[in-house]
Every structure is written in structure tokens, then in C-alpha cells.
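Quick notes on the structure that follows.
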Amino acid sequence: MTSPESIHTISRHILEKIDNFQTNATGIILGSGLGEAITKLDSAIEIPYSEIPGFPQSTVKGHSGSLIYGFMEEKPVLVFSGRFHIYEGYSAAEACTPVRVMGELGIKRIFITNAAGALNPQFDAGDLMLITDQINFTGHSPLTGPNNDDWGVRFPDMSKVYCDKLRAIAVAAAKDKGVRLERGVYVEVTGPNLETPAETRMFKRLGADAVGMSTAIEAIAAVHMGIKVMGIACLTNKNLPDCMAETTHEAVIEQAAKSSAAMSTLIREIISRLD
Ligand code: R1P
């Protein structure tokens, strides 16, 4: 499912379904409950993951499982509405299939979104957080195994995972549109269990501002392929170690859905400002 040949086959299949695919498209991965963040693309072509041979299938509520190509502010975008997680049983490499496919299609810029718990006590549920850096706490890497030199080098540099230029555009776009946008470090854990108070305390001490079960490994795969990355977390709940409130996935999805409008406004504005 993750060999260069299988990624090539999946990509060829997608290209057969999308006439005149433009490689200057921005790739977007939508996180839990954020399916409504990208709607109303012009000239949209939608392909359910189930119709893409060899493509992984979404098994988590809040991830619709469809690929959508279309235009936003007259710019081409390729949207993965639904992602894959290690806790679903996928390897880190399998979970990064959308990123590998985007790289194979020639995409040079991706926006990764997710739903995450806020660790920084100054952040509120409902805020968006621009990811400035990451901690991969999963113990897994999508680069494990033989390196495909056509994709990237064996030891990719990770000194700048999240593109400065895209971050500056995001900050300016948020300011102009009145969208509250925090900035911080995202830590990825394997899950699917949510964090204990002791783990939450530890992640805070490690310097993380938000915690979730995706994104970091996708960003690693993207950096490996030389793809520019921007990450936006939708903070769905506050993880305060000394007074932890119970959380459910349903509540996460509900809060993410509520923040979809702000996410949509921000992404649209950023896209409109791209070259
Ligand atoms: C937990 O509610 C789920 O929401 C987040 C977590 O990673 C986990 O999968 O989903 P995304 O990261 O896919 O947005």
C-alpha cells in the first residue's frame, strides 16, 4: 500500500478521474470534524476513497473519506476529507498515503489541519492554532524502511518543518479576517486513548501547546518529499492537568464542526494570497 509503485498506481488512477489536474494545486488534509471547512469548491470533482483502488479507508467518525479537486478563489486545491491514523491499525507510512500521493502528483504545498486538545492554558476551545513546530511522540516514522531516493533523502533535515512564508501569510490573513489564531507546538501521540493528567503535565513541560494523534508524521513525509507545510490545529478542548475535564470523540467532533467556519474563512483567505 505504501510502496512507490502503489503510490504511483493510486496517483495514476486519480489523474484519470481529474481532467487537467494542475500541479500548482495546494493540497489540504482535513482533520476530525472539519469536513465542512472546505465546501463549495468551483468545478469540484469528488472521488470517494472507496473508489480509489489501493487507497486506505477512513474508519473514524468525523472523517468522511473523500478526495475533492476543485477551485477556491480561482486557485486549484486537492482536498483529502478524511485522514488515517496509526491507532486505526495503519503503519505510519500507510497513514501518510495522502501526503505521498500529493508528492507523486507534483503538489509542492500542503495545509494540514487537525482537531487537538489545548495544553497551553491561555488557549481556549474553539481557537485555531498555527503550528510552529512539532514533537513526534508516537515512536513511529513514515520513513522507516528502505529509503526511496526519488522521494527524498535518507536523513531529511527537520530544522524548519512549517514553512515561514506560509506562516506569515496565515498570520496576516487571520488578522485581516478577524480570526483568532494562536501559535504553538503540536505533539502527536499514537492514541486512541486520550491523555491522562500526568501525560498532559509531561507534554506541557516538553514544550507542547496542543496534543493530537495525527499531523506530525504527515509533516515528516511532506518534508521528506520537499513539500512546503502549513499546519492549523482546531483546539477542541482544554487539557488542564490539575482539573481535567472528561472528553469524548463526539465532543471533539462537535467543537471542530463549530470551528469549521473560522477554519474555512482562514484557509480561503490564505489561498487567495498565494502566488
Ligand atoms: C480524537 O478525538 C481524534 O481527533 C483528532 C485526533 O488526532 C484523534 O484522531 O483527529 P485528527 O488529528 O485526525 O483531526
Side-chain angles (χ1 to χ4, degrees), residues 27-38 49 55-67 79-92 94-99 102 110-119 123 125-131 134-140 142 161-162 182 184-196 199-200 203 208-222 229-239 244-260 262-264 266-267:
I28 301 175
I29 299 176
L30 295 178
S32 285
L34 290 166
E36 294 301 310
I38 305 286
Y49 292 169
F55 203 74
Q57 299 305 310
S58 296
T59 69
V60 192
K61 208 173 152 192
H63 291 263
S64 74
S66 216
L67 181 62
V79 182
F80 288 80
S81 186
R83 67 149 54 84
F84 314 106
H85 308 82
I86 293 171
Y87 65 75
E88 293 174 81
Y90 293 114
S91 67
E94 286 166 344
C96 293
T97 301
V99 176
M102 285 191 265
I110 64 173
F111 296 176
I112 305 179
T113 70
N114 62 53
L119 298 168
F123 297 172
D127 286 350
L128 301 181
M129 186 190 90
L130 185 64
I131 303 177
Q134 67 180 35
I135 300 170
N136 175 14
F137 205 81
T138 66
H140 299 277
V161 176
Y162 295 93
E182 307 290 0
V185 174
Y186 176 93
V187 59
E188 176 175 352
V189 295
T190 315
N193 53 291
L194 300 172
E195 301 72 41
T196 65
E199 287 163 347
T200 302
F203 292 135
D209 297 288
V211 58
M213 303 163 198
S214 68
T215 300
I217 56 170
E218 295 168 350
I220 290 171
V229 184
M230 186 186 72
I232 305 176
C234 169
L235 305 177
T236 53
N237 57 289
K238 282 183 92 134
N239 283 18
M244 286 287 274
E246 282 186 27
T247 313
T248 63
H249 182 57
E250 286 65 32
V252 166
I253 292 177
E254 203 179 308
Q255 181 57 60
K258 281 188 199 157
S259 304
S260 288
M263 182 71 90
S264 171
L266 183 58
I267 289 179

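Order of listing sets the numbers, starting from 1, for every ligand and every atom in it. Nothing here was measured: the structure is a model prediction, and the numbers come from that model.
No close placement of the Y186 and F137 rings is indicated, their centers lying 6.0 Å or farther apart.
For the residue pair S64/S81, the side-chain donor-acceptor check at 3.5 Å is satisfied. E195 and N239 form a side-chain donor-acceptor contact under 3.5 Å, judged by distance and modelled atom types alone.
Formation of a donor-acceptor pair under 3.5 Å by the T236 side chain with backbone atoms of A116 is found in this model. Between the side chain of S264 and the backbone N or O of I38 there is no donor-acceptor pair closer than 3.5 Å. Under the 3.5 Å distance criterion, the side-chain polar atoms of E254 are left unmatched by any main-chain donor or acceptor of A251.
Within ligand 1, the atoms closer than 4.0 Å to a non-hydrogen atom of G31 are 14 (O), numbered from 1 in the order shown. In summary, the atoms of ligand 1 found under 4.0 Å from a heavy atom of H85, numbered by their order in the structure, are 9 (O), 10 (O), 11 (P), 13 (O).
For a threshold of 3.5 Å applied to N or O pairs, the pair formed by S214 and ligand 1 contains at least one separation below that value. Annotation: L194 places no N or O atom under 3.5 Å from an N or O atom of ligand 1; distance criterion only. Residue-to-ligand polar distances place Y87 within reach of ligand 1: an N/O pair is separated by less than 3.5 Å.
Within the set R83, M213, E250, the minimum heavy-atom distance to atom 11 (P) of ligand 1 is found for R83.
What sits closest to atom 1 (C) of ligand 1 on the protein, heavy atoms only, is H249 ND1, 3.4 Å. Protein heavy atom at the shortest distance from atom 4 (O) of ligand 1 is S32 OG, 3.1 Å.
By the criterion of a heavy-atom distance under 4.0 Å, both the backbone and the side chain of N114 are placed next to ligand 1.
Ring orientation note: the planes of Y49 and F80 are tilted relative to one another, at an angle of 30° to 60°.
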